[in-house]
Amino acid sequence: MLKTAFVAARDRQRLSEIASVLIGFGLTKVVDRLGLHNIPLIPRRTPRVDVTRLSQPERLRRAIETLGPTFIKFGQILASRPDLLSPVWTDELEKLHSQVKPVPWALIGPQLEADLGAPPGEVFAEFDVEPIASASIAQVYRARLHSGEEVVVKVLRPGLRKVIEADLRLMAHGARIVEAEWPEMARYQPQEQMRHLANGLNGELDLLNEARNCEMIAEIFSGRDDIVIPKIFWEWCSERVLVQEFIHGVSPNDAAALKALGADKKALAQKGCDAFLRMALIEGVFHADPHPGNLLVMPDDRIGFIDFGIVGRLSQKRRQQLLVLIGAMLKQDVDGLMATLLDWTGTSNPDLTKLEQSAQNFVQTHSAIPLNLGLVLTDFMTMARENDLAMPTDLAILFKGLVTADGVMRQLDPNFDLFSAAGPTVRASMRQQFNLRGLLRKAESLGTGLFGAASELPTLIHLMLVRLKQGRVTVEIELKGMDKLVRGIERGAARVAVGLVVAAFATQLAPRLIDLGTPVFVIIGLTVAMLGAGWLLLLSRDR
């Protein structure tokens, strides 16, 4: 409570605004559960009359929209997490949008002039003060450089950072309260979700970060003319301003425009799939939100990608796991699906019988060819939620991107099968990850790990002996095959006993015999250790 009071004192005005909105939309229980009802500055209000008829998900969505960009971003993250929330919540949160009423030029113009170091009319040959897009984070304007290039100028909304930083502090504190006070909410990983939100928003608040992301992706496709990434004009870029090439193209869901362009929809779907999977599976960095507004179809069946405010990243290990998952899905391998899920959510303790049944149902549901990737991934994440498993954040971002990309490709080609289309990219990824050089790197890593484990073994054995003396060793056994356990318990006990004796001799007595300097004792010690090791080998073979 003391920490809550301190946080409230620091951001009391914003906290009051948040609580007022939540109460106004009938979410009083949330305010009470967070312990805010005891803070004097929080107003007590009855819900608005016009929201009493709304469902809880609708109330939450409307409250989030009222609270602004930080909460909208958080809601959009939750909307992409069917492994955390049921469809009744994710479907409603998907309605969240970042399109907001634009900030008047009278407010944004002075900020832009300060960042450019001169009036926009001097920096640019042409500048249209009417924004072509207005979102919760930034507004976008069209302009032309004196050199003739058409550009877009992205400008952060004034005064945004202060509000977002306050929101992030309050939400991080709220996440700590939730984990401490609501054990049943732990599987939702509230603190991890807040860290992800903070990283994403801090990246979007620095437009130089978006410029770097753009150039990084451009480098990936530097050898391809059919994938277009806008050029960055660094001379005019800063934390609050981004100036980049204007790309002429049409939306992939504009059928009339595509027809007028003479676009080959099937070829475009394949190119889009190749581009996204190359980013994710081979390069480990990808466009995190490839919706139709961020993809443009250009003449000669070229595809333009824009808006790199947020990119996803996958480690080499994650990419390997993803290939294993794709293989398990294609082979309808129930055990492989279970192993992948458990590997990704190692801290969970699910009901394995229930998980196996869920995996079998999943395989049966998606046994038809061609597979609908969007539905496959959504059902996969639903399976995780129903078994109290939470997906890692990086994979949740990738799955969202894949589902979105699959939807765009299906708009271009209704018969599009991403699994089949992914074949060349998957094979290239496997060649890269499992070639001789890659295997040598894995062997080196394995050897380093084994060396580290071996160096810790004497300490671990010594610790076990100490705990045995103190009677503090406990063993947890799940009895699924009592008959096998009974048949093996005698041999197991013998192996453990001999192993402990040999280990004790090696770690405790043998060094002291050697210190005595008497060869006969050294010989006796080595003989006992060798006999014990031989006995263990014989017991291991006697199965």
Side-chain angles (χ1 to χ4, degrees), residues 79-80 82 91 94 217 220-221 223-230 247-283 286-308 311-312 322-323 325-327 329-332 362 365-382 397-430:
S80 67
D91 290 348
E94 282 179 354
I217 300 297
I220 292 174
F221 297 106
R224 292 183 60 171
D225 295 331
D226 56 343
I227 303 297
V228 179
I229 310 296
I247 293 181
H248 290 272
V250 300
S251 172
N253 59 6
D254 189 338
L258 291 175
K259 184 178 180 179
L261 201 61
D264 183 338
K265 294 183 180 181
K266 289 187 177 181
L268 287 168
Q270 181 66 56
K271 288 180 181 181
C273 171
D274 289 344
F276 188 86
L277 291 179
R278 179 182 175 183
M279 286 187 277
L281 292 181
I282 297 180
E283 304 296 339
F286 57 93
H287 197 303
D289 193 17
H291 64 74
N294 290 335
L295 273 74
L296 296 172
V297 177
M298 305 172 66
D300 302 321
D301 292 330
R302 293 177 297 155
I303 296 178
F305 286 86
I306 61 174
D307 193 356
F308 294 92
V311 298
L322 187 61
L323 290 174
L325 173 64
I326 292 174
M329 286 180 173
L330 291 175
K331 292 185 297 182
Q332 300 182 24
F362 175 86
T365 301
H366 300 287
S367 58
I369 299 295
L371 294 173
N372 183 326
L373 180 68
L375 186 58
V376 167
L377 293 180
T378 300
D379 285 355
F380 183 78
M381 297 177 80
T382 299
I397 295 172
L398 174 65
F399 281 14
K400 173 182 177 292
L402 283 170
V403 170
T404 305
D406 183 61
V408 174
M409 301 311 136
R410 285 180 178 276
Q411 286 182 332
L412 291 170
D413 178 8
N415 297 317
F416 179 74
D417 179 4
L418 192 143
F419 274 109
S420 299
T425 306
V426 170
R427 285 193 291 272
S429 178
M430 293 183 70

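Pro292 and Gln411 make their closest contact through CG-OE1, 3.9 Å (heavy atoms, listed as atom of the first residue, atom of the second, distance). Here the shortest heavy-atom pairing between Pro252 and Leu295 reads CD-O, 3.3 Å. Closest approach of Ala263 and Val297 over heavy atoms only: CB-CG1, 4.3 Å. Taking each heavy atom of Gly312 and Ala288 in turn, the nearest pair found is N-CB, 3.9 Å.
Annotation: side-chain hydrogen bond (donor to acceptor under 3.5 Å, both in side chains) contacts involving residues 252-268, sequence neighbours excluded, comprise Ser251-Asn253. Screening residues 289-308 for salt bridge (Lys or Arg N to Asp or Glu O under 4.0 Å), with sequence neighbours left out, gives Lys154-Asp307, Asp289-Lys400.
By the 4.5 Å heavy-atom criterion applied to side chains, Val376 and Phe362 are counted as neighbours.
Atom CG of Leu402 sits about 9.0 Å away from atom SG of Cys273, to the nearest 0.5 Å. To the nearest 0.5 Å, atom CG of residue Leu375 and atom NE2 of residue His366 are 4.5 Å apart. Atoms OG1 and CZ, on Thr404 and Phe276 in that order, are 8.0 Å from each other to the nearest 0.5 Å. Interatomic distance, Ile303 CD1 to Leu412 CG, rounded to the nearest 0.5 Å: 7.0 Å. Between Ile217 atom CD1 and Ile227 atom CD1 the span is 11.5 Å, to the nearest 0.5 Å.
Residues that satisfy the ring-ring contact (aromatic ring centres under 6.0 Å, His included) test with His291, not counting sequence neighbours, are absent from this structure. Applying the ring-ring contact (aromatic ring centres under 6.0 Å, His included) rule to Phe305 yields no partners; only residues at least two apart in sequence or on another chain are considered. Residues satisfying the side chain to side chain contact (heavy atoms under 4.5 Å, CB included) criterion with Leu296, sequence neighbours excluded, are Ile247, Ile306. The ring-ring contact (aromatic ring centres under 6.0 Å, His included) test applied to Phe308 returns His287, not counting sequence neighbours.
Without hydrogens or angle criteria, Arg278 side chain to Ile220 main chain gives a donor-acceptor distance under 3.5 Å.
Tested against Phe286, the residues Val311, Leu277, Ile397, Leu281 include a single side-chain contact (heavy atoms from CB on, under 4.5 Å) partner, Ile397.
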